[in-house]
J.: 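Here it is, the structure, as structure tokens.
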Amino acid sequence: MPDKTNRTLNGAAAGAAAAFVWAASEPLDKPIFNCRYSDVELLGKGVTRGPLWRPIGLLAHLFNGALFGAVYANLAPKLPGPGLAKGIAAGMTEHLLSWPAVAITDRFHPARDELVTMKGNANAFRQATWRHLLFGAALGVVEAKLNPPEPTVEPPNRGADEAAPALNGASANGSAAPTT
């Protein structure tokens with residue numbers, strides 16, 4: 001099992017990879033959900049409305065994914081289940097806890113006049129749900145590959161070891177068993 005620093009760095013790499021999968025899926029899922037919501041756009045246009053919003057937004061999105069992945073990697077060993085399930089649960093938890101903040105974005109974002117209104121937008125909610133499922137699945141699978149669990153070593157079963165000689169004509173303490 002990797003040490004805490006390696007676990008954290010591996011988790012950050014897994015989170016950035018999962019965020020890249022999310023960002024790559026955005027153009028593909030917009031027509032499916034009939035919604036042009038984009039986290040890359042939301043983040044990028046929070047910094048600039050100029051032509052650099054897209055690369056800035058992507059870098060911010062990857063950074064956020066890396067931070068989430070670093071935290072996740074240190075919590076994952078304490079959670080039950082396979083990486084896929086743990087990642088999906090983490091992604092969905094983040095989605096459901098952060099969704100209420102869309103009301104703040106709708107009201108105060110510097111580019112709010114260019115962005116999709118999120119509050120009360122069922123298509124945006126479904127789209128964000130899909131993206132968090134995708135992100136969580138990618139995070140859970142990649143992090144589990146980068147930070148495999150330590151193999152569990154079963155303690156010796158002393159009772160079975162001690163009983164075995166008795167079956168061969170010896171007692172548990174090594175002396176010969178009486179014969180009839």
Side-chain angles (χ1 to χ4, degrees), residues 4 7-49 52-147:
K4 187 169 174 95
R7 170 170 288 288
T8 302
L9 291 174
N10 288 341
F20 182 80
V21 169
W22 170 320
S25 77
E26 285 189 354
L28 304 173
D29 70 28
K30 287 178 181 181
I32 295 169
F33 290 96
N34 192 29
C35 185
R36 61 180 184 79
Y37 150 62
S38 165
D39 259 32
V40 172
E41 181 182 18
L42 180 83
L43 294 168
K45 289 185 176 179
V47 175
T48 182
R49 291 169 98 174
L52 292 178
W53 73 260
R54 194 176 313 271
I56 289 171
L58 178 60
L59 286 174
H61 189 63
L62 296 176
F63 180 75
N64 288 346
L67 281 177
F68 190 88
V71 171
Y72 168 81
N74 287 285
L75 295 175
K78 299 167 181 69
L79 302 173
L84 176 65
K86 292 190 284 191
I88 289 173
M92 290 308 300
T93 299
E94 191 274 336
H95 170 49
L96 296 174
L97 291 176
S98 66
W99 185 258
V102 301
I104 297 167
T105 302
D106 287 347
R107 184 162 181 189
F108 297 109
H109 194 284
R112 64 186 166 275
D113 57 321
E114 298 174 28
L115 301 174
V116 171
T117 300
M118 306 283 278
K119 185 178 178 188
N121 185 335
N123 287 348
F125 182 80
R126 285 190 284 271
Q127 188 176 43
T129 301
W130 159 249
R131 290 175 180 172
H132 281 88
L133 284 168
L134 184 63
F135 171 83
L139 173 64
V141 169
V142 173
E143 191 277 335
K145 294 281 188 204
L146 296 177
N147 289 325

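Computed from heavy atoms alone, side chains included, the values below leave out hydrogens, waters and symmetry copies.
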J.: Kindly indicate whether the side chain of Val71, heavy atoms from C-beta on, has any atom under 4.5 Å from the side chain of Leu67.
T.: no
J.: Strictly by ring pair (Phe, Tyr, Trp, His ring centres under 6.0 Å), give each pair with a member in residues 72-94 just once, sequence neighbours left out.
T.: none
J.: On a heavy-atom basis, which atom in Lys119 and which in Ala103 lie closest, and how many Å separate them?
T.: CD-CB, 3.8 Å
J.: Contact between Ile56 and Leu43 at the side-chain level, heavy atoms closer than 4.5 Å - yes or no?
T.: no
J.: Any side-chain to backbone donor/acceptor pair from Asn10 onto Leu146? Under 3.5 Å, distance only.
T.: yes
J.: Applying side chain to side chain contact (heavy atoms under 4.5 Å, CB included) between Asp106 and each of Thr117, Leu115, Asn121, report the one that passes.
T.: Thr117
J.: Ignoring hydrogens and geometry, is there a side-chain-to-backbone donor-acceptor pair from Arg7 to Ala73 under 3.5 Å?
T.: yes
J.: Give, for atom CZ of Phe135 and atom NE2 of His95, the distance between the pair rounded to the nearest 0.5 Å.
T.: 13.5 Å
J.: Which atom pair, heavy atoms only, marks the closest approach of Ala144 to Gly83?
T.: CB-CA, 4.2 Å
J.: Atom CG in Asn64, atom CG in Leu59: separation rounded to 0.5 Å?
T.: 11.0 Å
J.: Near Phe125 CZ, under 6.0 Å, is it more than 12 heavy atoms from other residues, nucleotides or ligands?
T.: yes
J.: Would a distance-only check, ignoring hydrogens and angles, find a side-chain to backbone donor-acceptor pair under 3.5 Å from His109 to Leu42?
T.: yes
J.: Would you give the length of the straight line joining atom CG of Leu97 to atom CE of Met92, rounded to the nearest 0.5 angstrom?
T.: 10.5 Å
J.: Do Asp113 and Arg49 come within less than 4.5 Å of each other through their side chains, counting heavy atoms only?
T.: yes
J.: For residues Pro80 and Lys86, report the shortest heavy-atom separation together with the two atoms involved.
T.: O-CG, 3.3 Å
J.: For the CH2 atom on Trp99, are there more than 12 heavy atoms of other groups (residues, nucleotides or ligands in this structure) within a distance under 6.0 Å?
T.: yes
J.: Restricting to ring-ring contact (aromatic ring centres under 6.0 Å, His included), what partner residues turn up for Tyr37, sequence neighbours left out?
T.: none
J.: Drop me the distance from Asn123's CG to Ile32's CD1, to the nearest 0.5 angstrom.
T.: 12.0 Å
J.: Considering non-hydrogen atoms only, spot the tightest contact between Leu139 and Gly69 and give its length.
T.: CD1-CA, 3.9 Å
J.: How many angstroms lie between atom OG1 of Thr129 and atom CG of Leu133, to the nearest 0.5 angstrom?
T.: 7.0 Å
J.: Show me the side-chain donor-acceptor pairs of residues 14-30 shorter than 3.5 Å, one per line, residues at least two apart or across chains.
T.:
residue	atom	partner	partner atom	Å
Trp22	NE1	Glu26	OE2	3.1
Ser25	OG	Trp22	O	2.7
Glu26	OE1	Ser38	OG	2.6
Glu26	OE2	Asp39	N	2.9
Asp29	OD1	Gln127	NE2	3.0
Asp29	OD1	Arg131	NE	3.4
Asp29	OD1	Arg131	NH2	2.7
Asp29	OD2	Arg131	NE	2.9

J.: Measure across Asn74 and Ala70 and return the closest heavy-atom pair with its distance rounded to 0.1 Å.
T.: ND2-O, 2.9 Å
J.: Does the His132 side chain pair with the main chain of Ala128, one donor and one acceptor, at a distance under 3.5 Å?
T.: yes
